[in-house]
Every structure is written in structure tokens, then in C-alpha cells.
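Before any comments, here is the structure.
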Amino acid sequence: MNIEALARKNVRELTPYLSARRLGGKGDVWLNANEYPLAPEFQLTSQNLNRYPECQPAQVIERYAAYAGVNKEQVVVCRGADEAIELLIRAFCEPGKDAILYCPPTYGMYGVSAETFGVERRTVPAKQDWQLDLPAIAANLDNVKLIYACSPNNPTGNLLNPDDLRQLLEMAQGKALVAVDEAYIEFCPQASVAGWLKDYPHLVILRTLSKAFALAGLRCGFALANPDVINLLLKVIAPYPLSAPVADIAAQALSSEGIAVMRQRVSELAANRSWLQQVLPECACVEQVFPSESNYLLVRVTAASNAFKSLWDQGIILRDQNKQPSLANCIRITIGTRSECQRVVDALNCLPTA
Ligand SMILES: *Cc1c(COP(=O)(O)O)cnc(C)c1O
């Protein structure tokens with residue numbers, strides 16, 4: 001019996017997201033998934049695992065709303081920002097009819113999520129400076145229900161121009177939702193568009209505890225939006241999206257002490273990032289280091305240096321971006337501890353350039 005033949009056509013044809021974890025590798029310097037390099041410590045405070053958890057744990061919602069400067073009714077908590085990406089598609093896109101739109105090079109999960117649901121993926125490449133190509137987006141909005149805009153953008157590290165985001169929201173009004181992915185916003189908090197929710201009923205903001213909060217293994221993320229959107233997302237979410245231990249730890253991470261620790265981490269990583277930005281251009285194999293508002297740096301190396309593979313073989317695992325549109329010979333380096341950054345620089349310094 002051919003089980004494969006029973007599967008949905010779009011699932012048979014699907015290329016799953018190649019997460020850093022799935023790509024594997026062997027080493028002691030892991031700078032490929034934009035994780036925080038050190039493990040935070042937590043103790044579980046509640047012991048009632050015999051009970052089902054709350055669907056939307058009140059303390060987590062209250063604390064996140066206070067942290068983000070929005071109302072409780074404007075928050076949904078879920079299994080990582082990745083689940084929020086998917087909930088939006090499930091709530092708003094009719095398979096085989098509606099489309100999502102995004103602007104490569106950018107985060108890979110928008111496309112993969114749409115594909116699993118049989119929803120068309122329309123791409124409008126970003127301009128050379130990685131800003132939105134607004135006229136091209138305007139010309140491609142037929143049947144588009146959802147636009148994903150990532151700021152700071154993964155993997156390029158740049159913020160989207162706020163005036164462009166406003167124009168995007170204006171052109172989408174009445175037609176499509178605009179989901180601004182702020183997974184890295186803690187590294188440039190002044191750039192958040194959370195304050196715009198009062199102006200735009202179709203704005204959604206995606207957030208996560210995986211990056212600056214150092215909790216990628218927890219799987220906890222958020223969508224911020226007006227109640228009309230939130231209520232639709234709550235219709236399609238699983239009955240118990242967060243396990244009780246996840247809610248317990250998320251609430252601790254969002255206490256005022258937890259937030260202070262997060263801010264401390266952000267400033268340490270920013271110092272390491274500036275140091276890397278300063279020394280990387282001195283490596284002979286490095287052609288360009290792009291500016292970054294996040295916890296990673298995108299670097300273009302000489303083709304001859306074979307840098308990604310060579311560091312991989314030495315146990316320094318980075319993220320190859322060579323296959324992304326306009327990112328030939330580019331590597332994304334997560335900012336780690338200072339000694340991990342030093343290891344990267346030492347290894348790059350040993351590579352040939354031609
Ligand atoms: C890491 C990342 C996510 C996913 O975050 P999770 O909460 O871990 O699912 C979403 N968007 C972007 C741009 C990311 O880099």
C-alpha cells in the first residue's frame with residue numbers, strides 16, 4: 001500500500017522548513033539559530049499537572065500586555081511565533097483561492113506554513129537595500145489576504161522603513177492583514193509598531209520569547225492585534241496551546257526582574273555585536289558586513305574562502321544564506337558570547353581569499 005499516495009498533493013510536494021536543528025552539525029560553537037548562548041535557570045512553581053492548563057494563561061497575557069504596552073484583549077499567546085504565523089493563515093486564507101505575500105530574502109516559515117495549507121505564496125523581492133518594493137507589492141495584491149513584513153528582517157538585520165510600513169498598511173486596508181514580525185524587536189525596542197494598533201484594525205504584530213528572552217526551547221510566542229483579529233485566532237487555536245510548565249516559566253520571564261535580565265542580555269549582545277562589526281572587516285575573506293539591529297550579523301565572504309563549510313568542519317556552526325535571493329556567499333552569524341565571537345574571527349582569519 002502506497003501511503004504517500006494518500007497524502008494531500010501539496011503535502012507530498014512540500015519542502016519542510018530546514019531549521020537549524022534539522023540541518024544538524026557537530027560542534028561546540030552554535031551560532032546558527034539566533035538563540036541566546038547561555039541557558040537561563042528557572043524553577044517550576046506550580047505542581048498541578050493533573051489539570052488541563054488554561055488556554056490563555058491570565059498571568060502570561062497580563063504581563064505580556066503590560067510589557068508590550070497594549071491591552072490584554074490585544075494579546076494571544078501560542079506555541080512560538082511560528083504558531084502565530086500559522087494561525088493567521090488558518091483563520092484568514094481560503095486554500096486554493098487566497099494568497100499570502102512576503103518579500104525575500106526573509107524568514108522561511110511564512111512560505112512553508114502557507115504551503116502546508118495549500119495557500120498560494122506570492123513573493124515580491126525586497127529592493128537592493130532590502131526595503132519594501134511598494135509599487136510591486138501594490139501591483140500584486142489580488143487575492144492576497146495576509147502580508148508578512150519582518151522588521152528587523154531575518155536574515156538581513158535591517159529595520160523596515162516606518163513610512164513604508166504605514167504605506168503598506170494604507171494599501172492593504174480593507175483587503176488584507178499586515179503581520180509585522182517583531183521577533184527581534186527587543187534589540188531595537190524604539191522601532192516597534194505596537195503603538196500603531198489603535199490606528200489599524202488589520203495590523204498584527206508577532207513576538208516571541210525565543211530570542212532576547214533566551215527561551216527558544218520553551219516554545220512561547222505572541223500575536224498582538226485588535227480584538228476582532230484576536231478573537232478569530234482564538235477560534236482556530238488548539239484548546240491547550242501552552243503546557244502548564246511553559247506558562248509557569250513564561251510568567252517568570254515576564255516578571256519585572258525577568259525583563260530586567262533580558263535587557264541586560266540585550267546590552268551585552270549589542271557590545272559583542274559592535275566588536276564583531278569592527279573586527280570582521282579585517283578578515284581577508286570577509287567582503288562585507290551588513291549593519292544589524294538584531295542579535296545576528298549577515299556577512300558576505302569571498303566565494304573562494306569556503307567559509308561556511310570550513311567553519312562547520314571545525315565545529316563552528318553558522319547559517320548559510322547562499323541560496324536566498326540576492327544573498328550569494330552570505331553567512332548569518334548569531335551573536336554569541338565574546339569567546340564564541342572570538343572563535344569565529346580566529347577561524348575566518350585562517351581562511352584563504354583566492
Ligand atoms: C525565530 C523567528 C521566529 C520564530 O520564533 P518562535 O517563537 O521560536 O517560533 C519568527 N520569526 C522570525 C523572523 C524569527 O527569526
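Numbering of ligands and ligand atoms starts at 1, following listing order. Only this structure's heavy atoms are used, side chains among them; waters, hydrogens and symmetry mates stay out.
- A cation-pi arrangement, defined by a distance under 6.0 Å to the six-membered ring centre and an angle within 45 degrees of its axis, is absent between Arg122 and Tyr102.
- Within 6.0 Å of CZ in Arg79 there are 12 or fewer heavy atoms belonging to other residues, nucleotides or ligands.
- For the pair Asn158 (side chain) and Gln131 (backbone), a donor-acceptor distance under 3.5 Å is absent.
- Judged by distance alone, the side chains of Asn329 and Arg300 never bring a donor and an acceptor atom under 3.5 Å apart.
- Taking the six-membered ring for Trp, Tyr67 and Phe213 have ring centres closer than 6.0 Å.
- The cationic atom of Arg332 (NZ for Lys, CZ for Arg) lies less than 6.0 Å from the six-membered ring centre of Tyr296 and within 45° of the ring axis.
- Each of Gly80, Ala81, Asp82, Tyr107, Cys150, Asn154, Asp181, Ala183, Tyr184, Thr208, Ser210, Lys211, Arg219 has a non-hydrogen atom positioned under 4.0 Å from some atom of ligand 1.
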